[in-house]
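Written below as structure tokens is the structure these notes are about.
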Amino acid sequence: MQLSPIARHGQPARHRRRRRLDWATIAYASLHLAGFCAGVLLMSWGMFILFFLAIGGFSIEGLMRQLGNLTARYLAAGPDRAASFHQQLFAAHALITLTILLLRRHRILPATTGQGSAHHG
């Protein structure tokens with residue numbers, strides 16, 4: 001039978017060590033996750049720009065014409081049609097974002113090297 005050292009409050013020392021938070025790891029993982037989310041969001045917005053570039057013939061002039069056409073139609077639409085546009089835009093953005101998340105799911109967690117300890121690199 002193996003005995004473990006007793007901490008001040010009657011709990012073994014290994015339980016006390018387990019409760020201590022590693023703030024550096026939490027900060028690193030949080031920054032990595034925030035960067036991942038920002039990257040996915042920028043990629044999804046970039047897909048909309050790429051779509052308008054494609055229907056504009058991959059030229060800036062065609063892109064501006066398509067955006068001008070969309071703007072004119074949106075401003076002329078009534079409230080019901082604008083609400084429908086918002087719903088379609090939200091659905092398209094959600095679909096694109098989920099697709100990008102699915103394709104980049106292996107990058108959600110930070111890469112670990114497997115060398116060194118958690119506290120001393």
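The first residue in the sequence is number 1, and the count goes up from there. What you see is a predicted model, and the numbers here were worked out from it, not measured in a lab.
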Straight-line distance of I55 CD1 to L63 CG, nearest 0.5 Å: 8.5 Å
Establish whether L41 and L101 are linked, either directly or via other cluster members, by ILVMFWY side-chain heavy-atom contacts under 4.5 Å. no
Is there a donor in the side chain of R73 and an acceptor in the side chain of N69, or the other way round, less than 3.5 Å apart? yes
Are F85 and F90 linked, directly or through other ILVMFWY residues, by side chains that come within less than 4.5 angstrom of each other? no
Nearest 0.5 Å, please: how far is CZ in R65 from CG in L70? 16.0 Å
If every non-hydrogen atom of F48 is compared with every non-hydrogen atom of H93, which pair is closest and at what distance? CE1-CD2, 3.5 Å
Are the side chain of R105 and the backbone of L102 linked by a donor-acceptor contact shorter than 3.5 Å? yes
Given 3.5 Å as the limit, does a donor-acceptor pair link the side chain of H32 with the main chain of A27, or not? no
Same apolar cluster: V40 and I108, side chain cutoff 4.5 Å: yes
Please give me the minimum heavy-atom distance between F36 and R107, naming the atom from each residue. CD1-O, 3.8 Å
What is the minimum heavy-atom distance between L53 and S59, and which atoms define it? CD2-O, 3.8 Å
Minimum side-chain heavy-atom gap T99-M47 below 4.5 Å: no
Determine, using the 4.5 Å side-chain heavy-atom cutoff (strictly less than), whether L103 and L50 are members of one ILVMFWY cluster. no
Please tell me whether F51 and L95 are part of a single hydrophobic cluster in this structure, the criterion being side-chain heavy atoms less than 4.5 Å apart. no
Rounded at 0.5 Å granularity, tell me how far CG in L42 sits from SG in C37. 11.5 Å
Smallest heavy-atom separation, A77 atom then A82 atom, equals CB-N, 4.4 Å
For the pair H86 and Y74, name the ring-plane relationship: parallel under 30°, tilted 30 to 60°, perpendicular over 60°. tilted
